[in-house]
Each structure stands twice: as C-alpha cells, then as structure tokens.
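For reference, the structure discussed in these notes is given below.
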Amino acid sequence: VLIAPDSSQAQDANELAQQQMEAIKQQMDAAGMSAEDMEQMESAYKGVMGPIVEQQAAHEAREQAEFESRTAGLGKAVVSVPGKDIELQVTECLPSPDGNFRIRAQASHDSRSDSLWLGGESYYNRTVLQMFLKGVGEYDIWIQPMVNLEDGRFTWSGTADGGLGATEVTVTVDCES
C-alpha cells in the first residue's frame, strides 16, 4: 500500500484513501501513463478500496459513538490560544479529599487527537498541565501556586511555551455536562 506524504494528517479513512489516490496519480503521471490508463487504474483502485474505506468509516463511527456514550455525563474543556478555541471532551475527572485531582480530556475517540491532562499536586503546591494540540504545540506547564479544582471547575490563563514560541493560553474545564 502506498502512503501519501501527508497521510499522517488524514482525519479519516476516506481522506486517507483520497490522499493515497492522489499520490498514485502523481506517480502515474510522472511515469507518462495516458489519461485513459490513469482512469482505468483509478477505477480499479476505487473498486478495491471502496469496501475497505466503508468498513473503516463504520469502525470509526462505532468507536466515536462508544466514546460519546462513555463520556456522556462528563463536561467539556476548552483551550483558547490566539485565534483558536479548541473544545475537548472530558474523559476522566477524579477529585480527592486532600485537594489533589486528575482530569483528562481529548477531542475524539482517537488517542492521537488533541488532548489535555491536568493534575493537582497539593504536596508540591502545584498544578501540572500537559496539552498536545495539533498545529498549536505541545505544552508541559507547572502552575505554582496550585490552582484548585472548585466544584468541578478549573480555570487558568497564562503564557506557555509550546515549542512554537510563547503563547497566551486559557484553559477552562467543567467536569460535569
């Protein structure tokens, strides 16, 4: 199977198949194939890949439905950076009586989607915030003094360096929907 150069950015099976077809077309064009031969190859490719793409799309839809069902009672997290608000689904919210807490959130069922991990560490009087946001950056932030989880809500604004330079970031989490 030929993988298109930017296939890691594909959002779903249909998009990946389209990217692969474009890569094949470029190779056929470079090899000097006629338009008719290219059309026959594209038709054959679609005939083979169509059922695979449909099966993968159905699998992804099932996975997303299970993700939404599993997280239905949980709230949302919003990460705001200049020009962009990224909404994430809370997947875990675990407060404890000693003031510690752990929150996880991600954009979809796909573990490679945008994600956030937030932990309150009362012993160290800090909150640890880790975010992996496509096209924005990866952040590992220690917030001191600790910002607590209050009634299932967390809010923080500050400057973070995600490898693409310093960025103003606001994070708001509601643990309950």
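Residues: numbered from 1 along the sequence shown. None of the values given here were measured: they were computed from a predicted structure.
Here Arg153 pairs with Asp174 in a salt bridge; the nearest charged N to carboxylate O distance falls below 4.0 Å.
Between Met131 and Val79, the closest side-chain pair of non-hydrogen atoms falls below 4.5 Å. Looking only at side-chain heavy atoms (C-beta outward), Val136 and Lys84 come within less than 4.5 Å of each other. Taking the side chain as every heavy atom from C-beta outward, Arg126 and Val128 approach each other to under 4.5 Å. The side-chain heavy atoms of Arg104 and Leu94, taken from C-beta on, include no pair separated by under 4.5 Å.
No donor-acceptor distance shorter than 3.5 angstrom exists from the side chain of Thr167 to the backbone of Val169, with no hydrogens or angles considered. Checked by atom type and distance alone, the side chain of Gln144 never pairs as donor or acceptor with a backbone atom of Met146 at under 3.5 Å. Side-chain atoms of Glu176 never come within 3.5 Å of backbone atoms of Gly152 as a donor-acceptor pair (strictly under, hydrogens ignored). In this structure a side-chain-to-backbone donor-acceptor pair under 3.5 Å is present from Lys134 to Arg112.
With 3.5 Å as the limit, one finds a donor-acceptor pair spanning the side chains of Thr170 and Ser157. Counted by atom type alone, Glu22 and Gln18 present one or more donor-acceptor pairs between their side chains at under 3.5 Å. The closest side-chain donor-acceptor pair between Glu168 and Thr159 falls under 3.5 angstrom. Checked by atom type, the side-chain pair Ser96/Asp98 shows a donor-acceptor distance below 3.5 Å.
If you take OG1 on Thr91 and CD1 on Ile103, they are separated by 10.0 Å, rounding to the nearest 0.5 Å. Atoms OG and CG, on Ser115 and Leu88 in that order, are 7.5 Å from each other to the nearest 0.5 Å. Atom-to-atom distance recorded for Gln89:CD and Lys76:NZ is 4.0 Å, nearest 0.5 angstrom. Remark: Asn100 CG to Tyr124 OH distance equals 10.5 Å, nearest 0.5 Å. Distance OG/Ser34 to CE/Met28: 9.5 Å, rounded to 0.5 Å. Remark: Phe101 CZ to Cys93 SG distance equals 8.5 Å, nearest 0.5 Å.
Taking both residues in full, the closest heavy atoms of Gly99 and Asn148 are given as O-OD1, 4.4 Å, listed atom of the first, atom of the second, then distance. Shown here for Ser108 and Ser113, the closest heavy-atom pair between the two residues is N-OG, 3.3 Å. For the residue pair Leu116 and Val171, the shortest heavy atom distance occurs at CD1-CG1, 3.8 Å. The heavy-atom pair separating Glu92 from Leu74 by the smallest distance is N-CD1, 4.0 Å.
With hydrophobic clusters built from ILVMFWY side chains whose heavy atoms lie under 4.5 angstrom apart, Val81 does not share a cluster with Phe132. When the side chains of ILVMFWY residues are joined at heavy-atom separations under 4.5 Å, either directly or via intervening members, Val147 and Tyr139 end up in a single hydrophobic cluster. Residues Trp142 and Trp117 fall within the same hydrophobic cluster, defined by Ile, Leu, Val, Met, Phe, Trp and Tyr side chains chained together at heavy-atom separations under 4.5 Å. Follow the hydrophobic side-chain contacts under 4.5 Å out from Val173 and you reach Trp156 in the same cluster. A single hydrophobic cluster is not seen to contain both Val78 and Ile86; linkage of ILVMFWY side chains at heavy-atom distances under 4.5 Å, directly or through other members, places them apart.
In this structure, Glu39 places its CD atom where only 12 or fewer heavy-atom neighbours from other residues, nucleotides or ligands lie under 6.0 Å away. By the 6.0 Å contact criterion, CG on Asp151 is open, its count of non-hydrogen atoms from other residues, nucleotides or ligands being 12 or less.
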